[in-house]
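These numbers come from the heavy atoms of this one structure, side chains and all, not from hydrogens, waters or symmetry mates. The first residue in the sequence is number 1, and the count goes up from there. Note that the structure is predicted; figures quoted are calculated from it, not measured.
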Amino acid sequence: MSLDPQPLDVVDAALAEAGAAGWVTVRLDLAGVRGKAGLMRRCADALRVPGWFGGNWDALADALIDLSWLPGAAGAPEVPGRAVAVTGWRAFAGEWPGEWETFTEVLESAVEFWRDGGGVPLVVLLGDADPSGGTVRGGE
């Protein structure tokens, strides 16, 4: 699986449609994020993770496969899905290609977990002002 950048207007429309259909939507804007610590803070803020979030790759992976604090979790009202739109990421991917690659791997693993587990789906969208770059790996 790979994350394919889409034009921002397409991502905005997809989030609007998902929200109208009752999905939980999150916009994760990485503009101005510098380094792994900044990425973790931005993820924690956007995803509204619980206090146990440790700000490392394992904690992010755990948070994305838990999602118990979001609607649609066990005991909460069911939602049809969850969509996360990652925007403003290109500068981060270019400056920290290793961190970007690990981040995309964590996102892909979470999407696969929810797809394979048969639970409420998680969809991750990459919004880009210039999506002509194709599939994104390690800042390419």
Side-chain angles (χ1 to χ4, degrees):
M1 174 189 196
S2 62
L3 298 171
D4 296 318
Q6 301 296 316
L8 288 174
D9 59 338
V10 170
V11 170
D12 290 340
L15 278 186
E17 273 186 49
W23 284 46
V24 173
T25 61
V26 174
R27 180 176 300 272
L28 176 56
D29 184 9
L30 300 184
V33 171
R34 302 192 51 81
K36 179 182 171 186
L39 175 65
M40 292 297 157
R41 281 190 300 275
R42 191 69 58 94
C43 287
D45 290 345
L47 295 169
R48 300 174 302 277
V49 297
W52 55 256
F53 182 72
N56 58 51
W57 294 122
D58 288 337
L60 181 59
D62 289 347
L64 290 170
I65 64 170
D66 178 345
L67 299 176
S68 62
W69 64 92
L70 290 177
E78 190 66 28
V79 298
R82 300 175 182 103
V84 176
V86 181
T87 59
W89 53 269
R90 194 152 303 263
F92 181 87
E95 288 187 52
W96 292 277
E99 303 292 355
W100 175 253
E101 185 164 354
T102 302
F103 179 59
T104 59
E105 289 170 359
V106 168
L107 293 174
E108 290 171 343
S109 292
V111 168
E112 290 171 11
F113 172 85
W114 288 104
R115 183 190 62 228
D116 296 345
V120 176
L122 172 67
V123 174
V124 177
L125 307 166
L126 277 185
D128 194 0
D130 179 19
S132 61
T135 301
V136 177
R137 278 309 213 171
E140 295 173 0

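Using a 4.5 Å cut-off on side-chain heavy atoms (C-beta onward), D4 and Q6 make contact. Inter-residue side-chain proximity for V10 and L125 is flagged as unmet; no heavy-atom pair is nearer than 4.5 Å. Here the side chains of D66 and W52 are in contact, with some heavy-atom distance below 4.5 Å.
In this structure, F92 is a member of the same hydrophobic cluster as V124, with clusters built from ILVMFWY side-chain heavy atoms closer than 4.5 Å. At a threshold of 4.5 Å between side-chain heavy atoms, the hydrophobic network of Ile, Leu, Val, Met, Phe, Trp and Tyr places L60 and W96 in one connected group. Using a 4.5 Å cut-off between side-chain heavy atoms of Ile, Leu, Val, Met, Phe, Trp and Tyr, with links allowed through other members, V123 and V106 fall into different hydrophobic clusters. Residues V33 and L107 share a single hydrophobic cluster, defined by chaining ILVMFWY side chains whose heavy atoms lie under 4.5 Å apart. Under the 4.5 Å side-chain heavy-atom criterion for grouping Ile, Leu, Val, Met, Phe, Trp and Tyr, F103 is not connected to V11 through any hydrophobic cluster.
Closest non-hydrogen pair, A46 versus V26, comes out as O-CG1, 3.4 Å. Smallest separation of non-hydrogen atoms from G55 and A59: N-CB, 3.9 Å. Between P80 and P121, the closest heavy-atom pair is O-CD, 3.2 Å. Closest of all the heavy-atom pairs between L15 and A85 is CD1-CB, 3.5 Å. A pairwise comparison of heavy atoms in D128 and P5 identifies CB-CB, 4.0 Å as the closest pair. When all heavy atoms are compared, the tightest approach of V120 to W114 is O-CE3, 3.4 Å.
Listed by chain and residue number, nothing satisfies the ring pair (Phe, Tyr, Trp, His ring centres under 6.0 Å) test with W23 (two or more places apart in sequence, or in another chain).
Rounding to the nearest 0.5 angstrom, the gap separating the CG atom in L39 from the CH2 atom in W100 is 8.5 Å. Atoms SG and CZ, on C43 and F53 in that order, are 6.5 Å from each other to the nearest 0.5 Å. Atom CZ in R82 sits 10.5 Å away from atom CG in L64 (nearest 0.5 Å). D45 CG to D29 CG: the interatomic distance, rounded to the nearest 0.5 Å, is 12.0 Å. Rounding to the nearest 0.5 Å places CZ of R115 at 10.0 Å from CD of E108. Interatomic distance, L126 CG to L3 CG, rounded to the nearest 0.5 Å: 4.5 Å.
Judged by distance alone, the side chain of R42 and the main-chain N or O of L28 form no donor-acceptor pair under 3.5 Å.
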Test side chain to side chain contact (heavy atoms under 4.5 Å, CB included) applied to I65 and E112, step by step: CA-CA 10 Å; I65 64 170; E112 290 171 11; over 6 Å; no
